[in-house]
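Step one of this worksheet: look at the structure below.
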There are 6 protein chains.
Amino acid sequence: MRILLINPNTTESVTALVAGHARAIAGDAATFVPVTGRFGANYISTRASAAIAAHAALDALAEHVAGCDAVYLACFGDPGLAALREISPVPVVGMAEASCLEACNRGRRFAIVTGGALWGPMLSEFVAWLGLAERLAAVRTIAPTGDRIARDPEAALAELAAACTACAVEDGADVVILGGAALAGLAARIQPSVPIPVLCSVEAGTRAAIAAAADSNRRVASPPTLDSVGLGPDLTSLLGQAKSK
Amino acid sequence: MRILLINPNTTESVTALVAGHARAIAGDAATFVPVTGRFGANYISTRASAAIAAHAALDALAEHVAGCDAVYLACFGDPGLAALREISPVPVVGMAEASCLEACNRGRRFAIVTGGALWGPMLSEFVAWLGLAERLAAVRTIAPTGDRIARDPEAALAELAAACTACAVEDGADVVILGGAALAGLAARIQPSVPIPVLCSVEAGTRAAIAAAADSNRRVASPPTLDSVGLGPDLTSLLGQAKSK
Amino acid sequence: MRILLINPNTTESVTALVAGHARAIAGDAATFVPVTGRFGANYISTRASAAIAAHAALDALAEHVAGCDAVYLACFGDPGLAALREISPVPVVGMAEASCLEACNRGRRFAIVTGGALWGPMLSEFVAWLGLAERLAAVRTIAPTGDRIARDPEAALAELAAACTACAVEDGADVVILGGAALAGLAARIQPSVPIPVLCSVEAGTRAAIAAAADSNRRVASPPTLDSVGLGPDLTSLLGQAKSK
Amino acid sequence: MRILLINPNTTESVTALVAGHARAIAGDAATFVPVTGRFGANYISTRASAAIAAHAALDALAEHVAGCDAVYLACFGDPGLAALREISPVPVVGMAEASCLEACNRGRRFAIVTGGALWGPMLSEFVAWLGLAERLAAVRTIAPTGDRIARDPEAALAELAAACTACAVEDGADVVILGGAALAGLAARIQPSVPIPVLCSVEAGTRAAIAAAADSNRRVASPPTLDSVGLGPDLTSLLGQAKSK
Amino acid sequence: MRILLINPNTTESVTALVAGHARAIAGDAATFVPVTGRFGANYISTRASAAIAAHAALDALAEHVAGCDAVYLACFGDPGLAALREISPVPVVGMAEASCLEACNRGRRFAIVTGGALWGPMLSEFVAWLGLAERLAAVRTIAPTGDRIARDPEAALAELAAACTACAVEDGADVVILGGAALAGLAARIQPSVPIPVLCSVEAGTRAAIAAAADSNRRVASPPTLDSVGLGPDLTSLLGQAKSK
Amino acid sequence: MRILLINPNTTESVTALVAGHARAIAGDAATFVPVTGRFGANYISTRASAAIAAHAALDALAEHVAGCDAVYLACFGDPGLAALREISPVPVVGMAEASCLEACNRGRRFAIVTGGALWGPMLSEFVAWLGLAERLAAVRTIAPTGDRIARDPEAALAELAAACTACAVEDGADVVILGGAALAGLAARIQPSVPIPVLCSVEAGTRAAIAAAADSNRRVASPPTLDSVGLGPDLTSLLGQAKSK
């Protein structure tokens with residue numbers, strides 16, 4: 001099975017980080033095709049950069065999806081998730097959605113911890129859009145954004161663990177998601193000092209993407225074709241034809 | 001990994017049916033220990049029989065959980081799910097909860113089709129309790145209960161497919177769960193005549209149980225000990241001591 | 001009028017306590033037939049013991065309901081309430097449901113105070129199931145469970161009064177329910193030090209049971225008959241036949 | 001016990017009708033002091049007339065509440081209920097609120113049937129204000145308003161019964177309230193042709209008023225005093241002083 | 001265009017204050033016809049006085065609406081708004097509703113600050129009735145009622161500014177409404193010390209009233225005619241005939 | 001006052017159509033600077049094209065906002081609205097948000113009619129995100145998308161009027177929005193055959209944009225600066241600096 005791993009952040013080192021974790025989990029079960037966004041912010045931490053990332057993810061999908069069995073949108077916040085599903089010939093898994101659903105399987109109320117204060121309201125709105133607001137105990141953010149955490153994880157571990165613990169003690173969460181492509185692998189490191197299970201969003205998304213790639217029931221709905229201007233050639237072409245089935 | 005598979009229906013043939021499907025999915029990944037409820041209705045189709053089944057499931061868990069890595073409560077409706085989790089030393093997966101969460105991974109709105117009219121309001125209340133009411137498109141039931149369907153599946157296939165199709169066409173569901181221990185394997189048979197993916201609840205629960213058994217983050221909360229009278233010896237003992245960790 | 005008073009706790013002294021209060025309220029208006037659960041926890045304070053109590057209450061109803069005009073399920077939390085209603089030939093009143101509805105008649109927002117920390121989420125979920133979540137200001141628990149309070153009420157009065165007062169002052173409740181079979185009669189004792197009305201759940205349930213017994217409009221819906229194994233003879237029989245009307 | 005029965009409709013015959021039913025239910029348990037609104041619509045069937053009725057009810061309460069143990073606001077829709085409670089020295093029971101709460105005691109989902117199409121949205125909003133929207137199955141109205149039904153009940157019985165039956169069969173109600181002062185006593189007449197219990201709102205309100213009058217826990221909150229112009233002398237006086245306690 | 005400006009407070013100086021602000025905003029765009037309630041509280045600060053004000057507003061509308069193009073109900077809390085709309089031949093704008101909608105245009109979550117503690121729950125219920133509860137961050141009140149603030153604004157400015165700032169800092173509001181006829185013009189004075197936009201409710205209502213008067217699409221629904229007793233002659237007449245169109 | 005009018009559809013004729021209507025409404029009150037998206041679908045009718053349009057709108061804002069007093073995002077559906085607000089130095093008005101808020105001012109429940117079936121769920125989710133779901137009666141779509149309607153309005157008028165009427169008669173709407181940049185001006189044409197007011201979304205947005213441009217209270221929050229690759233030079237620059245205030 002081949003899985004297209006789209007990192008709509010435009011930082012190659014984050015793509016490599018996520019791909020490494022995904023391959024460690026998948027073993028022989030799947031092959032990953034990692035792609036970095038052609039344009040957009042180095043690291044998504046605002047509404048504007050997330051909006052641009054949705055376009056970049058569509059662009060990447062159009063160029064690279066051929067021959068893949070599933071798409072893994074590897075940015076916590078899932079920019080453009082519903083749009084990708086609309087045009088994709090294969091299942092699309094979002095890192096944040098998959099993490100939230102796995103969290104629901106692990107406890108009655110889940111929380112999210114991530115880097116970058118602006119993600120707070122963005123993720124609350126995302127969970128509401130998912131229809132999971134009743135299961136959400138809290139979203140807590142720490143000041144440094146994910147790319148800064150990735151450059152110096154040691155400096156952030158204590159603060160991340162404190163935020164996760166606050167989700168348990170003050171917000172009543174049963175499980176907490178450590179969200180963000182750039183935070184891959186940190187969940188295991190802070191788990192010993194957090195009283196509830198800590199999920200790694202990169203790993204949760206990987207598990208869901210593998211399951212989706214193995215899923216033989218494909219959707220068949222297809223959007224109408226669209227003429228467009230100024231887009232990448234593959235995206236222009238994909239919008240201009242009925243979705244493959 | 002060993003998984004305790006509790007069928008709180010008191011019909012051995014249903015236990016065997018579910019265990020067969022679980023083993024086919026797990027392959028070498030897990031060993032199943034199937035147990036049938038010691039007391040209660042032959043097939044659960046009412047609130048009274050579901051209430052009794054919660055006790056029977058607790059009783060079965062207390063007697064057989066030693067040495068297992070997870071518990072699979074294999075009755076769609078998950079009688080006693082929260083109570084089992086309270087006293088269990090290992091993770092507990094409910095067939096209906098696991099199916100609903102997998103369905104959320106597969107589509108925006110899911111529906112449930114099962115046998116036995118009384119399950120309609122019971123399952124709607126269950127999904128509300130899960131906090132997933134916004135994701136639920138509909139619960140549709142056909143008149144024969146699961147045990148009758150299991151005895152003559154051919155007679156029910158057309159009616160089940162029609163109900164699943166109605167969930168898509170009339171209720172707007174993106175995915176439908178065919179719920180019920182006794183309906184194991186029928187999803188694949190009706191899929192060709194249903195326009196949306198049909199999930200088999202037995203298989204969805206099995207996948208979640210295998211994942212839970214592999215889960216190394218165990219919960220540590222422990223309820224207070226309780227004195228009791230008139231219960232089975234293992235349940236008496238389990239209630240009377242702190243939960244293993 | 002005869003009212004079957006089921007205490008699904010297995011402690012006889014609690015049954016006697018509740019029956020005494022019920023008789024004091026009813027005077028000549030009704031005769032009570034008190035029954036103690038045949039099996040289960042001495043005092044229900046966990047999800048597991050509540051699940052078992054639902055079975056015990058069904059068992060007690062089946063054995064003793066003949067000749068009664070109503071059933072009073074005298075455990076705050078109402079284990080098995082909907083299941084009892086399903087099989088009962090006469091109206092069934094739950095202590096917690098009746099208390100919540102009487103509280104709605106007495107103020108815009110009500111609160112609940114009881115003993116045993118695990119009852120907190122259990123009662124919040126119960127009120128949500130009732131559809132009364134908008135009216136609930138808070139559930140507050142004190143550490144000792146009801147049976148301990150019953151053995152030494154003096155020791156708990158100050159803590160109960162403080163919790164009730166906090167419901168008024170901090171949570172904005174207009175009325176508070178002192179919930180629990182074992183707390184019968186304590187509401188009147190703490191009322192002088194609480195700034196809002198304190199309802200005794202045992203008394204509220206008694207009033208509702210008397211009203212229900214006088215109710216000449218009986219429900220007629222009847223569940224399907226069920227075969228079963230390993231249950232008490234009366235419950236086996238009641239499940240195996242259409243409900244009396 | 002003395003209960004002030006306020007009919008804020010300005011039709012004396014409706015006051016007499018309600019008082020007659022209330023006395024039949026109360027027997028020796030309470031004495032009723034019936035009062036008709038001094039001003040306003042002959043029969044309330046619009047938002048404007050309900051708004052005026054709130055003032056008329058305040059006016060009547062101010063003039064007649066002295067010496068009473070409770071107030072029964074005997075108009076289905078409860079115009080001014082919260083305002084009356086604000087200034088009243090004794091408990092105030094509203095006919096619609098009391099009916100809805102009694103209905104919750106009698107079934108999981110209740111419906112309302114009344115006369116006059118404009119009452120539909122008004123009563124839906126009222127139930128939402130009560131916080132009981134989840135329990136409401138439907139509000140159904142028939143074209144003739146209550147006063148017309150009171151003048152020729154025979155002509156309306158079939159239509160009322162059909163509406164109540166539709167609440168059960170189409171809306172899934174477990175119990176239905178026949179609402180309206182002018183419909184006193186009709187519930188019993190249509191019950192034989194309706195498959196679920198039919199509550200008479202006048203009787204439900206009476207039962208709640210008797211219970212409230214017997215209630216020894218009085219509220220103590222008192223609104224600030226207000227200067228006013230152009231109101232009746234008793235209302236002017238009542239607004240201008242601290243509420244009696 | 002002529003706009004009927006109804007102040008249902010019975011204090012002429014408040015009417016003059018509001019009319020002055022309205023005229024300053026409208027310039028030549030509209031002419032205002034200010035009317036003070038004939039009866040009721042000098043300044044509305046309780047549920048009882050608000051209920052009476054609804055009647056007074058209906059009375060004023062009936063007497064003065066002829067020849068006007070819109071009605072501006074100039075009391076924050078909008079007593080009788082839906083009732084006025086029912087009988088009015090021209091559009092009716094409520095000060096609080098118009099302020100809340102303008103606030104939604106200015107920020108994602110709005111707050112309300114006003115004078116008089118009893119307005120807190122009244123305004124929360126009003127916003128819920130509007131269907132805007134999700135957009136409301138908080139209602140905060142200061143102790144002095146509007147009429148007291150109008151008599152000595154200097155004394156209240158600091159407290160009002162502090163409450164508005166708390167709405168931003170503690171409640172997360174993006175914009176705050178300074179509500180109350182008697183607070184006309186104070187928003188501009190406290191704006192410099194508040195970190196989010198402060199809307200003047202009198203001005204927001206004026207803008208909406210001007211827009212409504214210019215609105216050529218008139219509603220045509222008409223309530224049934226009603227006989228009544230004891231009301232003012234114009235209101236009697238208006239209730240007794242079909243609404244003008 | 002200068003208002004930047006962004007049409008993120010890439011069809012110049014639609015930009016001209018909207019600008020013409022905006023100028024007719026504004027008269028001398030404002031000058032419009034119309035801009036068409038540099039890239040994206042000719043006409044937005046899917047989730048993918050809407051996601052790309054958000055980027056195009058950000059790009060257009062960055063290039064042209066200097067010297068403007070407000071931004072009017074003139075595409076019904078408001079692609080990127082929150083992102084534009086994040087980076088814009090002046091207020092941003094969305095056509096759909098402004099239309100929904102004006103509709104709330106005009107009736108209790110509003111509906112939306114537009115062209116293109118895929119807009120149905122997209123607009124329902126948008127209204128939920130606005131927090132106005134309780135006010136929404138229905139979203140109804142007709143098959144032709146806006147650009148097709150713009151090319152031959154006569155062919156669509158009857159179908160649009162029928163959909164608007166259905167919103168009133170079947171869905172209970174008090175007012176209906178005719179949504180879509182390409183439908184500018186059609187509301188007035190179908191109004192005579194629709195029983196409730198029909199709002200033109202282009203005109204409602206224009207009114208709100210003029211009001212916003214006149215608004216002297218500017219927001220001051222500023223997002224963090226972001227490095228990016230592959231974006232237009234002005235957008236790169238705007239993301240890379242603190243927002244102007």
Side-chain angles (χ1 to χ4, degrees), chain B residues 9-11 36-59 61-62 79-88 116-118 121-122 125-126 128-129 131 143 145 147 221-232 235-236 238-240 243, chain C residues 9-11 36-59 61-62 79-88 116-118 121-122 125-126 128-129 131 143 145 147 221-232 235-236 238-240 243:
Chain B
N9 294 287
T10 55
T11 302
T36 305
R38 280 203 302 119
F39 51 85
N42 289 2
Y43 200 78
I44 301 162
S45 60
T46 65
R47 291 181 189 270
S49 52
I52 295 164
H55 179 190
L58 289 164
D59 180 85
L61 184 147
L81 178 62
L84 268 70
R85 283 187 175 142
E86 188 183 62
I87 66 165
S88 174
L118 294 188
M122 291 162 72
E125 293 170 24
F126 177 77
W129 177 75
T145 51
D147 54 335
S222 178
T225 62
L226 288 180
D227 292 329
S228 61
V229 300
L231 304 179
L235 184 52
T236 301
L238 188 52
L239 293 177
K243 180 162 71 166
Chain C
N9 294 287
T10 56
T11 303
T36 305
R38 280 203 303 120
F39 51 84
N42 290 1
Y43 200 78
I44 301 161
S45 61
T46 66
R47 290 180 190 268
S49 52
I52 295 164
H55 178 190
L58 288 165
D59 179 85
L61 184 146
L81 178 62
L84 269 69
R85 283 187 174 140
E86 188 183 64
I87 66 166
S88 175
L118 294 188
M122 291 162 71
E125 294 170 23
F126 178 76
W129 177 74
T145 51
D147 54 336
S222 178
T225 63
L226 288 180
D227 292 329
S228 62
V229 300
L231 304 179
L235 184 51
T236 302
L238 187 53
L239 293 177
K243 180 161 72 165

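All of these numbers come straight from a predicted model, not from anything done at the bench. Letters go in sequence order (proteins before strands), and every chain restarts at 1.
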Residue selection (most heavy-atom pairs with chain C, distance under 4.5 Å) from B:Thr46, B:Thr145, B:Leu231: B:Thr46

Does a side chain donor of either C:Thr11 or C:Asn9 reach within less than 3.5 Å of an acceptor in the other side chain? no

Heavy-atom pairs under 4.5 Å with chain B are the metric here; pick the option from C:Asp227, C:Leu235, C:Leu226 that has the most. C:Asp227

Considering residues at least two apart in sequence or located in another chain, which fulfil the side chain to side chain donor-acceptor pair (under 3.5 Å) criterion with C:Thr10? C:Asn42

Could you pull out all residues at least two apart from C:Ala53 that satisfy side chain to side chain contact (heavy atoms under 4.5 Å, CB included)? C:Pro8, C:Ile44, C:Pro79

C:Arg47 and C:Pro121: which non-hydrogen atoms are nearest, and at how many Å? NH2-CB, 3.9 Å

Heavy-atom pairs under 4.5 Å with chain C - which of B:Gly80, B:Ala82, B:Ala51, B:Ala54 has more of them than the others? B:Ala82

Closest-packed option against chain B by number of heavy-atom pairs under 4.5 Å, given C:Ala83, C:Gly230, C:Gly40: C:Gly40

